[in-house]
Student: 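My structure is below; once you've seen it, I'll send some questions.
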Amino acid sequence: MTQDFEGAAAPQSGPRQGQQTPIPTTPPEERAVLVGVQLPGSEWRVEDSLDELEQLAATAGVRAVGRGVQRLEAPNPRTFVGRGKLEEIADLLPSLALFDDELSPGQERHLEDRLNCKVVDRTGLILDIFARRAHTHEGRLQVELAQLEYRLPRLTRMWTHLSRQGVGGVGLRGPGETQLEVDRRKARDRIAHIKGEIEQVRRRRHLLREQRRQGGYPVVALVGYTNAGKSTLLNKLAGASVLTEDKLFATLDPTTRQVRLPGGTVALWTDTVGFIQKLPTGLVAAFRATLEEIVEADVLVHVVDVTHENAQEQARIVEETLGSLGVADKPVVVALNKVDLLAPEDVPALPDLDGDVPEDYVLISAERGWGLEELRRRVESIVAGDLVELSVTVPYSESSLVDLFHHRGQVRREEYTERGTRIEGRIPLRYRRLFEAYGGAIG
Ligand SMILES: Nc1nc2c(ncn2[C@@H]2O[C@H](COP(=O)(O)OP(=O)(O)OP(=O)(O)O)[C@@H](O)[C@H]2O)c(=O)[nH]1
Ligand SMILES: [Mg+2]
């Protein structure tokens, strides 16, 4: 087991965020030590992951004053890191210890006792950022749900602290326990209530999407690692004014704008919340109403900050997250962004980057507007898709399907029969199954 440690006296040379970490105008109050472990088989170097954690911390207004890094076979079940490392961290007298991995409630409690400071894990920090950034009703609901679910198992803390300090005992145990039960019940009630409200949000979004579908507009979702440039791209394409920032998780709420494709089709492009490594599944689930924009999109544009030293790993995280949303097989165009930052001689070398660059990629600079025409062309060719010949009779109750045929396909013949609208024509392959019940392919 090797150990290394960088304390306040030897600060980590800033992460590559030299260009990214904003300089705080007021001195932040929190003095945080960042703690990470390198476990066997993990794809990320712990230092890179801590660079990212430092960037997250800066976004939350916290200054990192040191790092504790340890190579371990497995995290310590009680204290996550080993005893020696704990002492080194405690010596720095931080007001906050930020752990790069999710801690169990028990670990958090032990660590707070040993380090005598606040202990927050990566999830808690991300939730804090989300909470600051949620502006819409929907965003707030989703964040509150994620926070409550995160905190519920941690609600025992107050009580155990008291009992260990000897304040408890028989007299206090009753009320303490009762209070805890009350708190838990309140939290559970609130969770149920929010889930109900989020369900309404989902329904509303679903309706909106149905309306769009009836309008026949193809839907494009911008996905990608946080800070990749999704919002910048949407702004450039649509003249939208989505907040873009050199901070993680600038966007929480999806924005949708119309963008005309080169052939004249109008598509709806939606900007979504960024992904990040070690994003707990509970958090992803809380954002389901928003992420359904991705699930229901016709095409995904995966924006990658190709200048980031972990671009490959970031892209993989995005693919994994898409997989967990069940959309791994949706058509994707990869937009390798920020090429304006690359030296010209690096640009043509990109396709060989680790031999792992996907086929359907476009080099772009969202900021300069480079490559956007090509991007729109790629998207259009996917949206147009392969056309198949269909002959169907659609019941009058399903008039939206007739609209869809008109908007997305080419109607050659249409007549009104007793059973419904009879249509012959061509439609993109992927819509065929919608018409399966009403007829079939010609030839
Ligand atoms: N040089 C350069 N910078 C870019 C480009 N595109 C985006 N950026 C910068 O990258 C940072 C992040 O951009 P955003 O558009 O906010 O990124 P995002 O993917 O929406 O990020 P989140 O909403 O946080 O997930 C901003 O500082 C942008 O100005 C580009 O093509 N070139
Ligand atoms: Mg954004």
Side-chain angles (χ1 to χ4, degrees), residues 15-23 51-60 125-136 139 142-143 220-257 259 269-279 283-284 287 290-291 293-294 300-311 314-315 317-318 321-322 333-344 346-347 350 361-376:
R16 76 167 215 109
Q17 297 76 7
Q19 45 168 1
Q20 297 198 0
T21 309
I23 298 163
D51 285 351
E52 190 176 86
L53 189 71
E54 184 165 341
Q55 217 182 338
L56 285 167
T59 301
L125 180 62
I126 291 176
L127 281 171
D128 185 88
I129 295 171
F130 278 6
R132 290 160 181 244
R133 301 218 155 211
H135 296 303
T136 63
Q142 296 182 121
V143 172
V220 182
L222 296 172
V223 299
Y225 210 77
T226 181
N227 214 43
K230 302 174 292 296
S231 302
T232 308
L233 178 58
L234 185 65
N235 286 346
K236 201 65 171 189
L237 283 166
S241 53
V242 181
L243 171 78
T244 65
E245 251 186 316
D246 198 1
K247 283 191 174 175
L248 304 184
F249 299 116
T251 308
L252 274 193
D253 304 306
T255 306
T256 302
R257 291 284 182 275
V259 176
W269 295 57
T270 298
D271 183 16
T272 61
V273 58
F275 299 151
I276 196 164
Q277 56 143 346
K278 301 180 183 172
L279 193 65
L283 246 173
V284 177
F287 278 82
T290 298
L291 294 173
E293 296 289 329
I294 297 175
L300 306 180
V301 171
H302 176 179
V303 183
V304 178
D305 174 357
V306 77
T307 67
H308 198 286
E309 56 184 358
N310 293 119
Q314 293 188 342
I317 294 289
V318 172
T321 313
L322 291 176
V333 179
V334 178
L336 300 177
N337 190 29
K338 309 195 188 180
V339 293
D340 57 293
L341 296 177
L342 295 177
D346 288 339
V347 177
L350 276 174
Y361 68 91
V362 187
L363 298 172
I364 67 163
S365 164
E367 203 154 273
R368 305 280 181 91
W370 300 348
L372 302 196
E373 189 66 17
E374 177 63 15
L375 175 64
R376 293 191 299 161

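Numbering of ligands and ligand atoms starts at 1, following listing order. Here, residue 1 is the first one in the sequence, and each next residue gets the next number.
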Student: Got an N/O contact under 3.5 Å between Thr226 and ligand 1?
Tutor: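 Thr226 vs ligand 1: N/O contact under 3.5 Å present.
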Student: Just heavy atoms, cut-off under 4.0 Å: does Asn337 contact ligand 1 by side chain, backbone, both, or neither?
Tutor: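 Under 4.0 Å from ligand 1, Asn337 contributes side-chain atoms alone.
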Student: Suppose I only count heavy atoms of Gly274 and a 4.0 Å limit; which atoms of ligand 1 are within that range?
Tutor: 25 (O)
Student: Flag the pair Asn310 / Gln277 as yes when at least one side-chain heavy-atom distance between them is below 4.5 Å, and no otherwise.
Tutor: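 No, too far: nothing below the 4.5 Å cut-off.
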Student: I want to check something: taking the side chain as every heavy atom from C-beta on, are Leu375 and Leu233 in contact at a cut-off of under 4.5 Å?
Tutor: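 Yes, side chains in contact.
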Student: Near Leu341, which atoms of ligand 1 are under 4.0 Å from a heavy atom of that residue?
Tutor: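 With Leu341 as reference, the close atoms of ligand 1 come out as 1 (N).
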Student: Would you give the length of the straight line joining atom CZ of Arg376 to atom CH2 of Trp269, rounded to the nearest 0.5 angstrom?
Tutor: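 Result: 8.0 Å between the selected atoms.
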Student: May I ask you to check whether Val273 has an N/O atom sitting below 3.5 Å from an N/O atom of ligand 1?
Tutor: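 There is no such contact.
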Student: State, yes or no, whether a side-chain contact exists between Gln55 and Asn227 at a heavy-atom distance under 4.5 Å.
Tutor: yes
Student: Is any side-chain heavy atom of Arg257 closer than 4.5 Å to one of Leu237?
Tutor: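 Contact flag for Leu237/Arg257 side chains = no.
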Student: Side chain, backbone, both or neither: which applies to Asp340 and ligand 1 if a contact is any heavy-atom pair less than 4.0 Å apart?
Tutor: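 It is the side chain that gets close, since no backbone atom is under 4.0 Å.
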Student: Taking both backbone and side chain into account, is any N, O or S atom of Ser231 nearer than 2.8 Å to the Mg ion (ligand 2)?
Tutor: yes
Student: If you measure from each heavy atom of Ala228 to ligand 1, is any distance below 4.0 Å?
Tutor: yes
Student: Once side-chain contact (heavy atoms from CB on, under 4.5 Å) is applied, do any residues pair with Ser365, and if so which ones, sequence neighbours excluded?
Tutor: Val339, Asp340, Glu367, Arg368, Trp370
Student: Return the option from Asp271, Thr232, Val306 holding the heavy atom at the smallest distance from atom 7 (C) of ligand 1.
Tutor: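 Among Asp271, Thr232, Val306, the closest heavy atom to atom 7 (C) of ligand 1 belongs to Thr232.
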Student: How many angstroms lie between atom NZ of Lys236 and atom CD1 of Ile364, to the nearest 0.5 angstrom?
Tutor: 11.0 Å
